[in-house]
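One structure is given below, encoded as C-alpha cells.
Just so it is clear, the values below take in all heavy atoms, side chains as well, and ignore hydrogens, waters and symmetry mates.
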Amino acid sequence: MEYSILFIIVLFLIGFGGAFVSGMVGIGGSIIKYPMLLYIPPLLGFSAFTSHEVAGINAVQVFFATIGGVWAYRKGAYLNKSLILYMGISILLGSLIGALGSNLMTDDGVNMVYAILATIAVIMMFIPKKEREDIPNEDVSFNRAVAAGSAFVVGIGAGIVGAAGAFILVPILLVVLKIPTRMAIATSLAVTFISSIGATAGKLITGQVLLLPAAVMVVASLLAASMGVAFGKKVNTKILQGILALLILATAVKMWIDIVG
C-alpha cells in the first residue's frame, strides 16, 4: 500500500476527529475509529484497509492511548490491585487469543464481532449510570470468578477487533461487580491497558499491523483526546451522544447487511 501526503493527512484527521469525539462524549475511541478507517479512505478515492488491518491499527492506538490514563491514576487510591490482577490476567489471555485467532477469520467475521460490540456500545451509552460512593480499597469485595470470566470474554472480542473494551468493562464493574464509580473508571483503564498489550502483541505476531498508519493514528489521538475531554466539560454532549450512537448503530446495521447479503 502506498501512502501519499494527502492520504497521511486523511489518516491524521480520522485519528484526530475520532479521539476528539470519543474524549468529548466519554466512550472508547476504537469503537468510532474502526468504521472511519474502514469506510472513509475508499470513499475519498484512497486504498481501502482490510478489516484485519483496521483492527491492527486500532490495537496499537489503544495501547498508547491507555498509557496516559493509567499514568494519571498511578498515585491515587482508586486502582484496585486485586481486581486488576484477576481481570488483568484473564483479559490479557483473552485478548491475545482473540488477536492471534483473528488471523484465521475472514473480514466478514471480524466485522461481525465489531457489529456485536458496536451494538452493545450503543446500548451501554443509554443505560443510566448510577453513581456509587467511594469506599476504601480494603473494604471493596467482588466475585473473583465473575471478574475473571467476564474479563476473559471481553478480552477475546477486544483482541479480534483491536478495541479497548472499556465501554463494556465499566458497566460490568459498576453493575455486576458493584465497584465504586471512581475506582471502576480507574481500574477499567488499567485492565484496558493490559488488554491492549495482548491485542497489540497478537496483531504484531500475525503481521496485521501497518506501522505508518498506526503511528499517524497514535500521534493524532494523543493530541486530540485531552482536547475532546476539555471541550466536553464545557458543552452539553447529550445530543451529540445520541447522534453518535445512531451513527454507530447504523454502521453496525450496514455491516450486518453486508455479512448476511
Check for a donor-acceptor pair, side chain of Thr200 on one end and backbone N or O of Ala59 on the other, with a separation under 3.5 Å. yes
Say whether Ile89 and Tyr86 are linked into one hydrophobic cluster, either directly or through other cluster members, by side-chain heavy-atom distances under 4.5 angstrom. no
Shortest non-hydrogen contact from Leu96 to Ala201? CD1-CB, 4.4 Å
So Tyr3 and Val216, do their side chains get closer than 4.5 Å, heavy atoms only? no
Taking atom types as modelled, find out whether Lys33 and Ser221 have a side-chain donor-acceptor pair closer than 3.5 angstrom. yes
Would you say the side chain of Leu177 lies within less than 4.5 Å of the side chain of Met87, judging by non-hydrogen atoms? yes
Rounded to the nearest 0.5 Å, what separates atom CG in Leu92 from atom CZ in Phe152? 11.0 Å
Exercise: identify the closest heavy-atom pair between Gly162 and Val62: O-CG2, 3.7 Å
Are more than 12 heavy atoms from other residues, nucleotides or ligands located less than 6.0 Å from atom CG of Leu44? yes
Can you tell if the side chain of Tyr114 reaches within under 4.5 Å of the side chain of Pro35, non-hydrogen atoms only? yes
Looking at side-chain heavy atoms only, is the closest gap between Leu174 and Ile179 below 4.5 Å? no
Same cluster (ILVMFWY, side-chain, under 4.5 Å), Leu83 and Val176: yes
Distance-only donor-acceptor check, side chains Asp107 and His52, under 3.5 Å: yes
Tightest non-hydrogen contact, residues Leu210 and Ile57, listed as O-CG1, 4.3 Å
Give the ring-plane orientation class for Phe7 versus Phe46, where under 30° counts as parallel, over 60° as perpendicular and anything between as tilted. parallel
Give me the atom names and distance for the closest heavy-atom approach of Val110 to Met105. N-CE, 3.8 Å
Which heavy atom of Ala99 sits nearest a heavy atom of Ala199, and at what distance? CB-O, 3.5 Å
Taking atom types as modelled, is there a side-chain donor on Tyr34 or Asn111 under 3.5 Å from an acceptor on the other? yes
